[in-house]
Participant: 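Okay, handing you the structure first.
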Amino acid sequence: MFAFQSPQPVQLPSPAPPPPPPFRKHLKCTAARGSCRPPLCSLTSNPTISTSAAADDKNRVIQRLCERGELKRALRVLSQETDPNQRTYELLILSCARQNSLSDGLSVHRHLLENGFDQDPFLATKLINMYSELDAIENAREVFDKTRQRTIYVWNALFRALALAGHGHEVIDLYRRMNWVGIPSDRFTYNYVLKACVVSECGLSLLKKGREIHAHILRHGYGGHVHIMTTLVDMYARFGCVKWAGIVFDEMPEKNVVSWSAMIACYAKNGMPFEALELFREMNLETNDLLPNSVTMVSVLQACAALAALEQGRLIHGYVLRRGLDSILPVISALVTMYARCGKLDRAQQVFDKMDERDVVSWNSLISGYGVHGFGEKAIQVFNEMIISGIPPSPISFVSVLGACSHAGLVEEGKMLFDSMVREHRIFPSVEHYACMVDLLGRANRLDEAAKIIEEMRIEPGPKVWGSLLGSCRIHRNVELAERASARLFELEPMNAGNYVLLADIYAEAQMWDEVRKVKKLLEARRLQKVPGRCWIEVKRKIYSFASVDELNPQIEQLHALLLNLSMEMKEDGYVPQTKIVHYDLDLEGKERILLGHSEKLAVAFGLINSAKGETIRITKNLRLCEDCHSVTKFISKYTKREILVRDVNRFHHFKDGVCSCRDYW
DNA sequence: ATAGGGTTAG
């Protein structure tokens, strides 16, 4: 299929009136603080007399101190002879949570038990919430277990706590018990239980459970509830069931900004950026009263980044500015990522420099930006600057910086960073980090070391790890190790066609044709299809898409002629078509024709014809760039004096004057 | 009696 023309450039809604100056909220707070608080001394100067009036006073004192954030002083008053009431305990509990003090929380809890509030379901709810916020999930569970009168609030609080802590299965078990006991769910229960489905702790999918709960929800007449339906959309989105998310979304009788944002995020996160942009356009066309918010814009920017749609991204950036959303951290980080992934690293850096406040995510955006462009040293430098600026790295920081090392071949640096994870930062490597290390060593042709890392892993190596190893085997043509890796992969993810294709490629390059046939049979038997290679190019705000051997493209003749011409010149310059990567049973000429029809070459030719001279050609590819396309593009950049920027699944290739920024290491 | 919820950055 050719050149599927993109949906119209996304229409932006008309700009909103300028946002209120950011400091207004601030002023209001200060004013309130100044005006409505009585001076402290009048509250604390009462001597302790054990009358009920004195007890009332003490309650009021503790409550005021809690509201003012003076937990320690409140506790001191509490330790005197007091007769705290429910409200006092409530404020104390909230205050402990806010101050993030587990020890104080525990002592308030003890105090409350001693004063006969141990069966108060209202306070039990508050305690569960507190323990949840303090990451003390066992304590939350204990409160629940000891409370005999479990109102729906108590159940819901525990569901929420467990879901937040990632204990999805436990929630589902308890939910079953709640139904068994005969307590009816309310709208909050459904929300928490749906959330729990996507955070199951033992790796087993709770999708089936989620669909069951979907049915409960409809049966109990909540099918029109915006919150619940939005949570359902999100649940299906997180399971990758885009179709189901779409069905729920379409059938919602009432949608608000959050519902639209959830669906846009669903597309953006599940590899359907076109649909995300299209839905954003629809949102602005269909609804006059719904303004996209910062959350919406983050997903829209992700979609632009995924498509490397720079022009589109710039439009969105303009909209973000007009709407005054440009001071919101997640939006700026998404902008940094968008510019980096659209090949505009300098713009990404500029946006980053202009931030007056940065969090770890902003830094990570920049680090991974340098990483995908192959600037390993620079990525490490930014990583170090982050630490110097006082922001400790997150696990994602390490994924970014290790990935950067891998793209740049910085093996020793990567190993040192990996070692520093636990030693200096107390971050324990996850599967993702191990996958980075395997990639780093594997690409550098240190396959034995990569295999050793896997053997010594302290957690179960997942498909990402074995996949990295298989990828490296492909680059360095190691059949034996490839067989080991793919055997594991076929077990772990039998439906991933990519693994079979990779193994078949490895066999083919080793001329092991019987094995190639076997793998292809396996692929057919499982009714899997190779993901076709595709390329995208944005010309004048429209995105054109190319598939290999694209006979329907109206310009195909022209593109072929151009490529044929170039290839003849190239051959005189020593270019040899890599016909051995074509596994069809064809003669040499046929194989060359296939190679020339690769989507990436078509996109380059299209860019040469349809863009202005001197303009950089920007192309995105959904798979790894093939070796033949890589060498051809190098050549074209020299002969046509054009800069060509190709982003493949892993990284950027910046072709200029016959050289690629990856220095042929990718 | 009171109370609590959905979408977001790498």
Side-chain angles (χ1 to χ4, degrees), chain A residues 85-87 89-90 93-94 120-129 132 151-161 163-164 185-195 198 222 225-235 237-238 245 248-249 252 255-269 276 283 290 292-302 305 325 328-338 340-341 348 351-352 355 358-372 379 383 386 393-404 432:
Chain A
N85 57 26
Q86 194 195 38
R87 172 74 179 152
Y89 280 125
E90 181 196 358
I93 292 167
L94 286 176
D120 183 332
F122 177 79
L123 288 180
T125 308
K126 298 289 168 191
L127 282 169
I128 293 173
N129 289 339
S132 162
T151 62
I152 190 66
Y153 286 97
V154 177
W155 284 96
N156 287 349
L158 187 67
F159 290 158
R160 173 171 178 270
L164 282 174
S185 305
D186 68 2
R187 58 218 159 99
F188 294 95
T189 318
Y190 290 124
N191 268 315
Y192 299 136
V193 175
L194 286 177
K195 268 227 142 355
V198 282
Y222 285 108
H225 195 285
V226 191
H227 272 113
I228 298 181
M229 289 299 112
T230 305
T231 313
L232 257 178
V233 169
D234 184 56
M235 181 199 75
R238 282 173 206 267
V248 175
F249 179 76
M252 284 175 74
K255 301 179 178 95
N256 60 21
V257 193
V258 183
S259 335
W260 284 90
S261 306
M263 194 61 216
I264 291 171
C266 169
Y267 285 131
K269 284 245 151 87
M283 173 183 181
L290 289 185
N293 61 20
S294 65
V295 182
T296 327
M297 299 321 294
V298 166
S299 294
V300 173
L301 285 168
Q302 275 179 353
L325 300 170
I328 294 169
L329 270 182
V331 175
I332 313 178
S333 301
L335 277 169
V336 171
T337 304
M338 185 275 289
R341 298 190 31 97
V351 173
F352 180 86
M355 299 175 74
R358 302 184 183 103
D359 65 0
V360 67
V361 182
S362 348
W363 285 95
N364 291 347
S365 305
L366 194 64
I367 294 169
S368 80
Y370 280 109
V372 286
F383 178 85
M386 172 179 77
S394 71
I396 304 286
S397 312
F398 279 100
V399 174
S400 308
V401 75
L402 291 175
E432 208 136 356

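Reminder, nothing fancy here: chain letters follow the sequence lines and each chain counts from 1.
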Participant: Look at the side-chain N and O atoms of A:Lys255 and state whether any lies under 4.0 Å from the OP1 or OP2 oxygen of B:dG6.
Facilitator: no
Participant: Which part of the nucleic acid, if any, lies within reach of A:Asp359 when heavy atoms closer than 4.0 Å are counted: base, sugar-phosphate only, or nothing?
Facilitator: base
Participant: What is the distance, rounded to the nearest whole Å, between atom OH of A:Tyr192 and atom P of B:dG5?
Facilitator: 5 Å
Participant: Regarding A:Thr296, tell me which of base, sugar-phosphate or nothing describes its non-hydrogen contacts under 4.0 Å with the strands shown.
Facilitator: nothing
Participant: Pick base, sugar-phosphate or nothing for A:Val226, based on heavy-atom distances below 4.0 Å to the nucleic acid.
Facilitator: base
Participant: Got a donor-acceptor contact below 3.5 angstrom from the A:Arg187 side chain to the A:Ile228 backbone?
Facilitator: no
Participant: Taking CG from A:Leu164 and P from B:dG5, how many angstroms apart are they, rounded to a whole number?
Facilitator: 10 Å
Participant: Is the charged tip of A:Lys126 near the ring of A:Tyr89: under 6.0 Å from the six-membered ring centre and within 45° of its axis?
Facilitator: no
Participant: I need the CZ-C1' distance between A:Phe398 and B:dG10, as an integer number of Å.
Facilitator: 14 Å
Participant: Does one side chain, of A:Ser365 or A:Ser362, offer a donor that lies under 3.5 Å from an acceptor on the other?
Facilitator: no
Participant: Send over the distance from A:Arg187 CZ to B:dA3 C1', rounded to a whole Å.
Facilitator: 12 Å
Participant: Counting any heavy atom closer than 4.0 Å, what does A:Thr337 reach on the DNA or RNA strands: base, sugar-phosphate only, or nothing?
Facilitator: sugar-phosphate
Participant: Report which part of the nucleic acid A:Ser362 touches: base, sugar-phosphate, or nothing (heavy-atom distance under 4.0 Å, all strands).
Facilitator: nothing
Participant: A:Gln86 CD to B:dA3 P: how many Å, rounded?
Facilitator: 11 Å
Participant: Whole angstroms only, please: what is the CD1-C1' distance between A:Ile328 and B:dT7?
Facilitator: 14 Å
Participant: Using a cut-off of strictly less than 4.0 Å, decide whether A:Thr230 has a side-chain nitrogen or oxygen near OP1 or OP2 of B:dT7.
Facilitator: no
Participant: I'd like to know if the side chain of A:Ser333 reaches the main chain of A:Leu329, judged simply by a donor and an acceptor atom lying under 3.5 Å from each other, with no hydrogens or angles considered.
Facilitator: yes
Participant: Nearest whole Å is fine: how far is B:dG5 P from A:Met229 CE?
Facilitator: 19 Å
Participant: So A:Glu90, base contact, sugar-phosphate only, or nothing? Heavy-atom distance under 4.0 Å.
Facilitator: nothing
Participant: Does A:Tyr153 stack onto the base of B:dA3, taking stacking as ring centres under 5.5 Å apart and planes under 30° apart?
Facilitator: yes
Participant: Could you check whether A:Arg238 gets within reach of a base, just the sugar-phosphate, or nothing at all, counting any heavy atom under 4.0 Å?
Facilitator: sugar-phosphate
Participant: Any base atoms under 4.0 Å from A:Asn191, or only sugar-phosphate, or nothing? Heavy atoms, all strands.
Facilitator: base
